[in-house]
Amino acid sequence: MSAGRLSGKGAVCYDVSCVTPFQRAVYDALLRIPVGKVTTYKRLAESIGCHSARAVGQALRRNPFAPQVPCHRVVASDATLGGFEGHRLGAFLKKKRGLLESEGVVFDQSGRVLPEYFLV
DNA sequence: TCCCTGACCCCCA
DNA sequence: CTGGGGGCCAGGG
């Protein structure tokens, strides 16, 4: 019930009472990714001082606030999609890709996000 | 506490 | 391209 705020200019709020401190750190980091850009599990992990991209994947996998908390803007290090809404299946990835494309992100023919869309 | 499972990553064959 | 192995760490049982 307690509304969590995001770092800085809060355009989105989420319920902090049902997430762990680690998840909150991950979600706050997500909210700093601008529309039309993506980052990777690894880089997001590094940005919050975590040495495990996998642990970040765990948090995103359980994200109850998608796509308000934009976990679709996180992809794998090889620029492939990773997962969405708890799954790695094509049907879910299709939705993830659709969201990204609607934000202007472009993919190459092998289904990878083009380099220029990565957050620097 | 130990044990196991992952939307990960990196290296090598 | 595919597969195997090691390392990483949070969360749940």
Side-chain angles (χ1 to χ4, degrees):
Chain A
M1 308 268 263
S2 61
R5 54 148 206 104
L6 58 153
S7 44
K9 44 273 171 178
V12 181
C13 289
Y14 59 85
D15 187 343
V16 164
S17 68
C18 58
V19 305
T20 65
F22 179 75
Q23 282 172 31
R24 183 170 178 179
V26 172
Y27 301 156
D28 276 355
L30 287 182
L31 295 170
R32 294 196 295 272
I33 306 174
V35 173
K37 290 287 184 179
V38 302
T39 187
T40 68
Y41 296 97
K42 179 186 174 73
R43 283 164 58 179
L44 195 156
E46 292 172 340
S47 77
I48 61 172
C50 176
H51 293 288
S52 172
R54 199 169 202 178
V56 168
Q58 281 283 351
L60 299 192
R61 178 178 172 249
R62 293 189 178 106
N63 175 16
F65 315 110
Q68 292 305 305
V69 174
C71 55
H72 58 282
R73 305 212 269 253
V74 183
V75 300
S77 285
D78 64 1
T80 55
L81 279 175
F84 190 54
E85 292 178 343
H87 306 268
R88 273 174 295 185
L89 306 176
F92 292 88
L93 297 188
K94 187 178 177 185
K95 288 196 291 183
K96 181 171 181 176
R97 175 166 173 163
L99 281 171
L100 289 173
E101 290 181 324
S102 75
E103 296 179 350
V105 175
V106 180
F107 293 75
D108 68 16
Q109 59 179 18
S110 67
R112 292 162 192 252
V113 174
L114 295 181
E116 56 263 43
Y117 295 95
F118 281 80
L119 188 56
V120 181

Of all heavy-atom pairs linking A:Pro70 and A:Leu31, the shortest is CD-CD2, 3.6 Å
Heavy atom of residues 105-112 of chain A under 4.0 Å from DNA chain C: which residues?
A:Arg112
Return the value, rounded to whole Å, for the distance between atom CZ of A:Arg61 and atom C1' of B:dA7.
8 Å
Which residues satisfy the salt bridge (charged side-chain N to carboxylate O under 4.0 Å, His left out) test with A:Lys42, sequence neighbours excluded?
A:Glu46
Look at the side chain of A:Arg24 and the backbone N and O of A:Val19, then say whether any donor-acceptor pair between them is shorter than 3.5 Å.
no
Answer with yes or no whether the hydrophobic clustering places A:Phe92 together with A:Leu60; edges join I, L, V, M, F, W, Y residues whose side-chain heavy atoms lie under 4.5 Å apart.
no
Residue pair A:Thr39 / A:Arg73, side-chain heavy-atom distance below 4.5 Å:
no
Mind checking side chain to side chain donor-acceptor pair (under 3.5 Å) for A:Lys95 and listing every partner two or more places apart, or none if nothing turns up?
A:Glu85
So what does A:Glu85 hit on the nucleic acid, given a heavy-atom distance under 4.0 Å: a base, only sugar-phosphate, or nothing?
base
If you check every side-chain atom of A:Phe22, which of B:dA7, C:dA10, C:dC9 has the closest atom?
C:dA10
The dot-bracket string of DNA chain C, counting Watson-Crick and G-U wobble pairs with both distances under 3.5 Å, using [ ] for crossing pairs and | for pairs to another strand, is .||||||.|||||
Taking only residues two or more places apart in sequence, or in another chain, which ones meet A:Arg97 in a salt bridge (charged side-chain N to carboxylate O under 4.0 Å, His left out)?
A:Glu101
Rounded to whole Å, OH of A:Tyr27 lies from C1' of C:dA10 at a distance of 11 Å
Take nucleotides 8-13 of chain B nucleotide by nucleotide from the 5' end and write B, S or -, depending on whether a protein heavy atom sits under 4.0 Å from the base, only from the sugar-phosphate, or from neither.
BSS---
Length of the CD-P vector between A:Gln23 and C:dG12, whole Å
7 Å
Does some side-chain heavy atom of A:Cys71 sit less than 4.5 Å from a side-chain heavy atom of A:Phe84?
yes
Can you see if the side chain of A:Gln58 gets near the phosphate of C:dC8 - specifically, an N or O under 4.0 Å from OP1 or OP2?
no
Would you call the rings of A:Phe65 and A:Tyr14 parallel, tilted or perpendicular, where under 30° means parallel and over 60° means perpendicular?
tilted
Nearest-Å distance for atom pair CG/C1', residues A:Asn63 and C:dG11:
16 Å
Kindly work out whether a path of hydrophobic side-chain contacts (I/L/V/M/F/W/Y, heavy atoms less than 4.5 Å apart) joins A:Leu81 to A:Tyr117.
yes
Nearest whole Å is fine: how far is C:dC9 C1' from A:Arg62 CZ?
12 Å
Please give, in whole Å, the distance from B:dT5 P to A:His87 NE2?
19 Å
All heavy atoms of A:Val26 vs all of A:Ala59, minimum pair found to be CG2-CB, 3.9 Å
